[in-house]
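So that the names make sense, note that chain A is the first sequence line, chain B the second, and so on, each numbered from 1.
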Amino acid sequence: MNSDTPTARITLLGVVALGLFGALFARLWFLQVLTEQEFQLQATANSVRTVFEPAPRGRILDSQGRVLVGNREVNVVVMDGLVLTEGFSDTDRAAFSLRLATELSATGSLTKAAEIAERLDVAEVRPFDEIVLATDVDELLTVFLAERPEQFPGVSLVRRTVREYPYGSTAAHVLGYVGPITEEEYLARADRDGGYRLDDEIGKAGVEAAFEEFLRGTPGQRRIEVDARGDVIREVAEAYVPPRPGNDVVLSIDIDLQALVEDELASTLAARRLEQDQSYEIGFRTLAAPAGAAVVLDPSNGDILAMASYPTFDPAEFVGGISQDAFDELNDPDNDFPLNNRAIQGTYAAASTFKLITSYAAIDTGLLGPRGFLDVNQFTPDPGFYTLDSCQGEESQCTFTNAGEAPSGDVDLRLALAVSSDVYYYRLAEQFSIRSGYQDEDIAEAARAFGYGARTGVALPFESPGLILDPESFEQRSLENPDAFPRSQWLTGDTINLSIGQGDVRVTPLQLVNSYAALANGGTLYSPNIAVAVVDPLSSEEVRSYGPRVLGELWMPDEIRDPIVEGLVGAVQFNEGTGAFRKGTAFDVFEGFPFASFSVAGKTGTAEVPPLADFSLFAAFGPVEDARYAMAVVMEESGFGSEAAAPMTRNVFEAIATDSIPEALTLAERARLRAEALAAANAPDQPDAAAAEGSS
Amino acid sequence: MAVATSNRREYRRLNPRTDPLAPWWHVDIVVVLAAMAIAALGIAVIYSATRGADPESFDTFFLQRQTLFVVLGVGLMVGAAAFDYRHLRPLAPVVYGGSVLLLLAVLSPLGVERNQAQSWFEFGSLQLQPSEFAKLGLIIGLAAFLSRYGGRLTFGQTLGALGLAGVPLMLILGQPDVGTVLVMSSITAGMLIVAGIRIRDLLLLTTTGALGVASLLGSSLLAEYQRDRLLVFIDPDGASEAARYNLEQAQIAIGNGGLWGQGYGQGSQTRGGLVPEQQTDFIFTVVGEELGFVGAAVLLGLFALLLWRLYRTARIAGDLFGSLLAVGVFTMVLFQLFQAAGMTMGIMPVTGIPLPLVSYGGSSALTTLLSIGIVVSVHMRRYGVAATH
């Protein structure tokens, strides 16, 4: 056969066909057999979505098991992320926000269009995200929204659990609040096994933040097969993982005591605002008394029983996302930063409460003792002022006075503590500075031993370490920031100031109470506990329990402890006799207190913070023989320690001593009582009203 | 040629009314069965691709329509087989001219634009795609023209054939429907080779063609999406998102099938409708995902069987006209198969071409079955031609 006949040429086509088939088979083999797995993975990622089901957060309970933070099911208006990602223009947004806000307001949830618009303005949305537009809305909206999909595209009403605060704002600073996770928070947890998503909520402050890992539940997972448009085809039922609620956190806080302390703090500050500012010499002004903090803890184990900070806030405002206006208000300096927990974030000059430290340093180093500068029982005159023996310049430069230059007569350590003789401590301080064998830093060292200058380690965020300087760190600070701190040389005057808690000393109320607790319990410095246990709500088993955490043991034999405690008891209970001018600084405050059953030791402090009015401090513990309660109060711009902080402490201790702490009321109970009171007030009128109606 | 054997004589005696030379004794039943098996498989796959996700109410619209088309097509195939192909020769100018007229009409306001191409007539719920029929018109026209020269073409005759092919080709390019243009080009090439084109002419035309395609890609004659689809093959990163998506999803679907497939109706890519046009041009992805390598190989095997019989018919046809008809149909099916399957696997550029007998579409199914019927007719009458000589 000729090679150039049609038949031969057809063979050529046959060869081409064989080649093409070969190519198809080879490629098919490559895709389906050689690289199959890679494509199967891609196909799965393509079509199977994991949808998370939020898990309720754990509750927060008080030491008696009462619910301080619970959960409540509410109706939440959410928007499907897919709708938002698929072309939702700015004009659409504005019109939509207005429509929705109008409807929400009509059903009783007053909402601004701007709030809706703000929530729609999210940086990153994925198709399965649900953007929360409004929380706790009327059930009726379900029907309304369902009937108008063209006006409210992608909008639906879902049930969600949100935080509930049965006791309102009580313990707000301890409890903290939750809010939407920020991008930084999200990224910081991205590599951890938390399973956070960008529309999650997270603890932002207080216990909510500190115990986030326990409180947060494990979200449930649904595996859903979807098509190209994201519509659900079916759910992979066998892959369903139900959500697991978070663990409950049991606090050491007693809500009754907490409520009492908060009430006392608020009412005392309110009362102080009516009083004249004595430190203001060029005219008349009342005290500002804008803020304060109080902490009560158990010296025997470091458990915090109450922690109050004023001004406070309502954590319920954060439920469903706080509006920008409300958040700005909470962060406005004019409102004294209500979100700050002053008990751990506020740092104050310790003032005379610091004499505990100076006294301890003096006895511990032997400066007060048989071979020291003075014996513990030895009296020394306090004429109301003291000029340094070591003075080298102008005499007025080295003269330090008592508050108001009031003389205290001859005082020993006990009396000096009781009547708050500054001059006694000036003398001691000068000796630390100049006496051979003693150093300026001895006081700072004692302060650190009592926990000052370092975080106590309480399980709450944003705790401040306070500030304790010694000559070395003083110089260091100056070197690092010469503009703010030009002087690098520590002088004797600095030791003088330190000895009475003025100058560069800064302590938090928690550090203050903790140092007095260490004295009260015989020298054990605890890291205070805010929580006692973490409990699994399903099995009621303790996941974690927190026992006492010892930070350090102080050297505290009776020779050291007794004179100081006696001095502190004197400050509360000492009176030289009727008509005599010397009595404890808080004696008048505690007049009539049942000391027989509940002996109290304490120390007033009055911090000078020019140009502001004095800050009022008081630190105390009781019963002295077997202390169960230690308490510290700091009140800003509220006058002398004996005028504000001490009376408040008395009120709290009296309620404890007489076992008459009122039961804390939940919001529901308060509402019911108000309604009853109102009904009672109106009751007598009713017959009259009926009579009037009958006669008309 | 010794035709009548003693066996046939025996048979004739047993059944005196049957002539051993009668065409019906020479029906190539393998071609018919292979075509119907492919069409049946196609219907099943179309159903899987279009029934939707809700088992409670599967959509049977496409299933019903395609079944109807195939039944009609088989009718056409039988009719074409019954019709003596030799009578097509005098009719060729009419068939060819008619198909060109239809192509002209579809570009006029009578035609309807879909998927960015003016390729359809619409009669109520029925759409016709004249470019499908034009392929057959071209095959018949070229076969009639080329068979006059007895297997040797001069350059002038080659140019004549090109002119003949060029008219419908340009009209379809104007729709624009690049896929069909490519099919018709390959049909023309295949038929020219068998009809005796000179080697140097072939080389010249190939070079010119390549230059033509290159300039086409640079011109504004192609729609944006078509250029994208072609370019994605050459430069995957440079093409538009949509074109790349199509190719990626198709390969994922096929790869997802593995050796044995995800099972009929179980392909996640298919069920999710993640591959666009999965019931038409991209139907091979459904076969690949749900029936796996084994299923795809069976389908390709059926095509191989069909093509082998078409090829064989071309070789044993009674005359050059019949042989060229078979070559045209063979080339058409071969190229469409390679193109439609190849593009889903990334070895051919993405152009919209139906997989013959498998893809959903009436015009394609009818044309393919009609064409196969004509080849069957050629096979049936391969002795009769000799007898007339």
Side-chain angles (χ1 to χ4, degrees), chain A residues 1-50 82 86 127-128 223-237 239, chain B residues 52-55 150-152 190 193-197 248-249 251-259 261-262 267-269 271-276 288-289 292-294 296-297 300 303-304 307-308 311-312 314-317 320 323-324 326-327 330-331 334-335 337-338 341-342 345-348:
Chain A
M1 205 182 259
N2 193 323
S3 71
D4 195 24
T5 62
T7 318
R9 286 163 176 255
I10 292 170
T11 311
L12 182 65
L13 288 188
V15 172
V16 170
L18 280 179
L20 295 185
F21 266 88
L24 285 181
F25 270 104
R27 182 66 178 171
L28 203 57
W29 180 260
F30 172 77
L31 286 178
Q32 299 200 293
V33 181
L34 296 184
T35 52
E36 172 203 353
Q37 236 168 6
E38 180 191 326
F39 286 111
Q40 279 177 351
L41 283 177
Q42 285 191 43
T44 308
N46 242 338
S47 56
V48 179
R49 301 266 188 282
T50 303
L82 191 65
E86 283 180 356
F128 274 86
R223 307 270 289 163
I224 286 178
E225 224 178 84
V226 296
D227 65 14
R229 287 173 305 159
D231 289 343
V232 176
I233 297 171
R234 66 169 190 135
E235 183 179 342
V236 187
Chain B
D54 183 2
R152 282 282 183 283
I193 287 168
V194 174
I197 187 174
E248 269 174 21
Q249 294 301 327
Q251 292 196 57
I252 290 171
I254 291 173
N256 190 33
L259 187 59
Q262 297 284 314
S268 63
Q269 294 277 109
R271 206 160 38 188
L274 289 161
V275 184
E289 184 180 29
F293 178 78
V294 172
L300 290 182
F303 269 111
L307 286 166
W308 169 56
Y311 167 80
R312 184 174 164 276
R315 288 179 70 104
I316 64 175
L320 188 55
S323 184
L324 284 171
V327 164
F330 169 84
T331 319
L334 175 66
F335 182 80
L337 166 69
F338 184 68
M345 294 190 280
I347 56 173
M348 285 296 278

*Asks:* For the interface with chain A, which of Gly267(B), Ala326(B), Ala304(B) has the highest count of heavy-atom pairs at distances below 4.5 Å?
*Replies:*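 Among Gly267(B), Ala326(B), Ala304(B), the one with the most close pairs to chain A is Ala304(B).
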
*Asks:* Which heavy atom of Tyr311(B) sits nearest to which heavy atom of Ile10(A), and what is that distance?
*Replies:*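 Taking every non-hydrogen atom into account, CE1-O, 3.2 Å.
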
*Asks:* Is there a donor-acceptor pair closer than 3.5 Å between any side-chain N or O of Arg27(A) and the backbone N or O of Ala341(B)?
*Replies:*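 Side chain of Arg27(A) to backbone of Ala341(B), a donor-acceptor pair under 3.5 Å: no, none is there.
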
*Asks:* Out of Leu259(B), Ile193(B), Leu320(B), which one racks up the most heavy-atom pairs below 4.5 Å with chain A?
*Replies:*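 So the answer, after comparing Leu259(B), Ile193(B), Leu320(B), is Ile193(B).
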
*Asks:* Look at Ala297(B), Gly342(B), Gly150(B), Gly261(B) and state which one has the largest set of heavy-atom pairs under 4.5 Å with chain A.
*Replies:*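 Counting heavy-atom pairs under 4.5 Å, the top option is Ala297(B).
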
*Asks:* If you round to the nearest 0.5 Å, how far is CG of Leu334(B) from CZ of Phe21(A)?
*Replies:*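 One gets 6.5 Å once the value is rounded to the nearest 0.5 Å.
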
*Asks:* Under 4.5 Å heavy-atom distance to chain B, tell me which part of Leu18(A) shows up: side chain, backbone, both or neither.
*Replies:*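 Neither part.
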
*Asks:* How many angstroms lie between atom CG of Leu300(B) and atom CZ of Phe25(A), to the nearest 0.5 angstrom?
*Replies:*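 Here the rounded value is 4.5 Å.
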
*Asks:* Please find the pair of heavy atoms, one from Ile347(B) and one from Ala23(A), that lie closest to each other, and give the distance.
*Replies:*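 Smallest heavy-atom distance, with atoms named: CD1-O, 4.1 Å.
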
*Asks:* Which pair of non-hydrogen atoms, one from Leu28(A) and one from Met345(B), has the smallest distance, and what is that distance?
*Replies:*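 Looking at all heavy atoms of both residues, the shortest contact is CD1-SD, 3.4 Å.
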
*Asks:* Restricting to non-hydrogen atoms, name the atom on Ala296(B) and the atom on Gln32(A) that form the minimum distance, rounded to 0.1 Å.
*Replies:*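 Answer, listing the atom of Ala296(B) first, then Gln32(A): CB-OE1, 4.2 Å.
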
*Asks:* Suppose we screen for ring-ring contact (aromatic ring centres under 6.0 Å, His included). Which residues come up paired with Trp29(A), at least two apart in sequence or across chains?
*Replies:*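 Per chain and number, Trp29(A) pairs via ring-ring contact (aromatic ring centres under 6.0 Å, His included) with Phe293(B).
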
*Asks:* Measure the CG-CZ distance between Leu20(A) and Phe303(B) for me, rounded to the nearest 0.5 Å.
*Replies:*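 Here the rounded value is 13.5 Å.
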
*Asks:* Tell me, please, which residues at least two apart from Ala317(B) pass side chain to side chain contact (heavy atoms under 4.5 Å, CB included).
*Replies:*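 Here the qualifying residues are Ser323(B), Val378(B).
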
*Asks:* Pick one of side chain, backbone, both or neither for Phe330(B), based on which atoms fall under 4.5 Å of a heavy atom in chain A.
*Replies:*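 The side chain, not the backbone.
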
